[in-house]
Amino acid sequence: MDASAEITFHAESRTFHLSNGKLSYILHILENGQPGHLYFGKAVRDRPDFTHLQEKRQRAMAANPFPDDDTFSLEHLRQEYPSYGSSDFRQPAVEILQADGSRITEFRYESHKILDGKPPIDGLPATYTESDGEAATLELTLSDARTGIQLTLFYTVFARYAAIARSACLRNGGQEAARILTAMSLSLDLPDSDYKWLQLSGAWGRERYCKTRRLETGITEIGSLRGHSSHEHNPFAALLRPHTTESAGEVLGLSLVYSGNFRIQAETDNQNVTRLSAGIHPSGFDWKLEPGGVFRTPEAILVYSGDGLNSMSREFHRLYRERLVRGYWRDRPRPVLLNCWEAAYFDFTEDRLLRIAEKARECGAELFVLDDGWFGSRTSDRAGLGDWQPNPQRLPHGLAGLAEKIAAMGMRFGLWIEPEMVNPDSGFYRRHPDWVLGAPGRTLCESRHQLVLDFSRPEVVDAVHSMIRGILHSAEISYIKWDMNRSITGAWSAALPADRQGEVFHRYILGVYGLYERLIREFPEILFESCSSGGARFDPGMLYYAPQTWTSDDTDCIERLKIQYGTSLCYPLSATGSHVSAVPNHQTHRTAPLSTRANVAFFGTFGYELDPGALSGAEIRQIQAQTAFMKRYRAIFQFGDFYRLKSPFSGGEAAWMCVSGDRKTAIVGWYRILCTVNPPFSRLRLQGLDPGALYTDTGTGARYFGDELMYAGLTTAAFDGRSPENGDGGDFASALIVLTAE
């Protein structure tokens, strides 16, 4: 039976029930006209009235809006979108400063619509639908009588995904301007606090490490004030029951489709109610809403799983891979590439690039990427950024000449750009010193010798667009790596008045989105890969424009086990930029086997970050085998179902696997981080297989039924001898097992 997305309104109880057979989301209109929350979780059958789930009782010192009902207190009721100053003392979803100095609003039910499909969010990335019946959307409109401001809450339930999309819209229908100080994308009040909080945090070179802790009374929070989603905290969090594992237990996953300053917060009150919220970070945010003005929040995605973290992740993977990523490359396997950055850095000529490219072609690469240093006076990171013209000393035949020679080898050509930044030592900056972010009389803070262009100004975005589109028209370019190598400081714009400076961060990221949109519409077949010093802007907002992201500047395969494991909690492998790099590794100085480096990188988009001319003949042959293997199985790696089996955060081994949609092929990756003497016996239990199918290990010919592999598991003997450089022993060993069913 096909799944369906249904929204049912029960007029008598004023209750809305969103369901798709996997989950239910139930809300109702409270006695004071505000929307209240009743349930979010595993699907329940519909009934005309769910208001028995509302918990009300008299409590000491509670504020009561109705003098004759001392059980009704917003301080203790579960709400959908709480307002500041309304007798609820918890963190609000919305706070608006009005002309008289008041911040108090009372948004009450006005009307609602139930729509087939999902309306877009103008100027912002969001999930989408392509045909009737894929989703249903509730538009719940509230109004504040005193200010004339209208608030519309959007709820979309999908037919095929255990997910709810939420966002909000504020319209000023009054006569006076107001200032939005807080506008969350969602707020969700849960009836208890018996959860562990899971976040993805780290720093440059160790992004998206899994961090967990129990919720306690008070506030648990992550966020970014850096102008991008950041290396430090990813805009994702999950609440899981204390005994939830990868394969069992209840999980609520939350992901914000946004690339700028954000906050995700869980506030647990003294009655053990948990308020989960996500949206633009309120700190420093101040949006002037003129009469007639409209403000849209970014979209937030809620995923429910009753079957553990792996199930939650696969819901995110499928939704983002199929209905967030767009365009030509959405459903296409990604080319095997070689990026020349760690092969040459800034030290190259056209001849050297062609030598590297010829070896890359010999190894089986399909795409050659020229990284930083090809333009202006860019011989280091100190100058030239912003001068987007090929350096004639390095590229005497320009980009067109180089691209033609790469094409003659049978490969595509790709290019690195960093359009949001400028070096003070550049012609661009000398012509437009006022086009960077920075307050007058204050120090212009450089990072990596760069300043940030003011993308809140349309004329700046227009100028950069003109330069980049000129580059893309000048040569046959198939791939763009779009970098952003610093956080934003001095967020002040010369183009905005004093009372709009609180809009700079959000207007900046809208400018980035706008430039992306223009370029992908003009060049729809270019594969864009987003990057921000590696993984500082690995978020769903970027995936809407660039279908893959450079996961981390740390290319060490052992470090990548943790980075890619954490990344997979929310993001599909088709979005995960993963390369084989040289040894000793340029970040950790570790020497790991070439087979292990590839066995980690296979679980992503796959490519190389090295000079193949420096390799031995045996290594070249090994890489040729690797690229052939990836080309054979990349559709499974990039579009199959992914399962995490052993966590690198909890022991000396790690393992994961991909399974094809028809469950006839599975690829298991197993990794030993550090060897131990006389190790104990262990088994690896697989997931996602057809229990009744007979699978053959293509490496050994051994045969197993799917139920045996999932419930009894593979013994450690299954991995013996599959790490060619160090055999059965040694650090950093790995194995790939390919299983096929008849």
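This structure is a prediction, so every number in the text was calculated from the model and none was measured. Heavy atoms only: backbone and side chains are in, while hydrogens, waters and symmetry mates are out.
- Ion pairing of Asp554 with Arg560 is absent here, as no side-chain N (NZ or NE/NH1/NH2) approaches a carboxylate O to less than 4.0 Å.
- A side chain to side chain contact (heavy atoms under 4.5 Å, CB included) with Leu515 holds for exactly one of Val461, Leu510, Ile520; it is Val461.
- Arg326 forms no cation-pi arrangement with Tyr128, by the criterion of a distance under 6.0 Å to the ring centre and an angle within 45° of the ring axis.
- With Asp556 contributing its side chain and Asn585 its backbone, the two residues share no donor-acceptor pair below 3.5 Å.
- Formation of a donor-acceptor pair under 3.5 Å by the Thr576 side chain with backbone atoms of Gly604 is not found in this model.
- For the atom pair CZ of Phe413 and CG of Leu399, the computed distance is 5.5 Å after rounding to the nearest 0.5 Å.
- Counting only distance, with no hydrogens or angles, the side chain of Arg314 and the backbone of Tyr643 share no donor-acceptor pair below 3.5 Å.
- At a threshold of 4.0 Å, the pair Glu130-Arg330 counts as salt-bridged, since one of the basic side-chain nitrogens sits closer than that to a carboxylate oxygen.
- Arg160 meets the salt bridge (charged side-chain N to carboxylate O under 4.0 Å, His left out) test with Glu322; sequence neighbours excluded.
- Side-chain atoms of Ser224 and His233 form no donor-acceptor pair, as typed in the model, at a separation below 3.5 Å.
- A salt bridge links Lys405 and Glu350; the closest N-O separation between the charged side-chain nitrogens and carboxylate oxygens is under 4.0 Å.
- For Glu207 (side chain) and Gly535 (main-chain N/O), a donor-acceptor pair under 3.5 Å exists by modelled atom type.
- Electrostatic pairing of Glu522 and Arg469 counts as a salt bridge here, judged by a charged N lying under 4.0 Å from a carboxylate O.
- Trp416 and Asp483 get closest at one heavy-atom pair: NE1-OD2, 3.0 Å.
- At a threshold of 4.0 Å, the pair Arg352-Glu358 does not count as salt-bridged, since none of the basic side-chain nitrogens sits closer than that to a carboxylate oxygen.
- Checked against Thr555 for a side-chain hydrogen bond (donor to acceptor under 3.5 Å, both in side chains), the options Arg597, His579, Gln587 give a single hit: Gln587.
- Between Glu529 and the options Trp329, Trp482, Tyr479, a side-chain hydrogen bond (donor to acceptor under 3.5 Å, both in side chains) holds for only Tyr479.
- By the 30° and 60° cut-offs, the orientation of the rings of Phe719 relative to Trp670 is parallel.
- We find that Glu653 and Arg672 are not joined by a salt bridge, their nearest charged nitrogen and carboxylate oxygen being 4.0 Å or further apart.
- Aromatic ring centres of Phe346 and Trp341 lie closer together than 6.0 Å.
- Between the CD atom of Glu420 and the OH atom of Tyr508 there is a distance of 3.5 Å, given to the nearest 0.5 Å.
- Annotation: side chain to side chain contact (heavy atoms under 4.5 Å, CB included) contacts of Gln389 (sequence neighbours excluded): none.
- Ion pairing between Arg486 and Glu446 fails under the 4.0 Å rule for side-chain N and carboxylate O.
- Tyr258 and His506 share a donor-acceptor pair across their side chains, judged by distance under 3.5 Å alone.
- A distance-only check finds a donor-acceptor pair linking the side chain of Glu299 to the backbone of Thr127 [under 3.5 Å].
- Nearest approach of Ile558 to Arg590, heavy atoms of both residues: CB-NH1, 3.5 Å.
- Between Phe606 and Phe637, the ring center distance fails the sub-6.0 Å criterion.
- In this model, no donor atom of one side chain and acceptor atom of the other lie less than 3.5 Å apart for Arg208 and Ser201.
- Between Tyr671 and Phe603, the ring planes lie perpendicular to each other; the angle is over 60°, past the 30° to 60° tilted range.
- Phe538 and Tyr571 have their aromatic ring centers within a separation under 6.0 angstrom.
- Scanning both residues, Ala403 and Glu476, for their nearest heavy atoms gives CB-O, 3.8 Å.
- The CE atom of Met421 lies 9.5 Å from the CG atom of Leu451; values are rounded to the nearest 0.5 Å.
- Using a 3.5 Å distance cut-off with no hydrogens or angles, the side chains of Gln548 and Arg334 do pair a donor with an acceptor.
- Remark: the backbone N or O of Gly373 is paired with a side-chain donor or acceptor of Arg394 at under 3.5 angstrom.
- Geometrically, Arg332 engages Tyr328 in a cation-pi contact, judged by NZ or CZ lying under 6.0 Å from the ring centre and within 45° of the ring axis.
- At distances below 3.5 Å, at least one donor-acceptor pair connects side-chain atoms of Asn261 with backbone N or O atoms of Arg226.
- Ion pairing between Arg318 and Asp641 holds under the 4.0 Å rule for side-chain N and carboxylate O.
- The two residues Asn391 and Gly376 come nearest to each other via the heavy atoms ND2-O, 2.9 Å.
- Shown are Glu418, Arg537, Met542; of these, the side chain to side chain contact (heavy atoms under 4.5 Å, CB included) with Ser532 is made only by Arg537.
- Ring orientation note: the planes of His228 and His231 are nearly perpendicular, at an angle over 60° on the 30°/60° scale.
- Side chain of Ser305 to main chain of Ser311: no donor-acceptor pair is present (N/O by atom type, distance under 3.5 Å, no hydrogens or angles).
- Closest non-hydrogen pair, Leu736 versus Phe602, comes out as CD1-CD1, 3.4 Å.
- Nearest heavy atom pair, residue Gly534 against residue Asp553, reads N-OD1, 3.3 Å.
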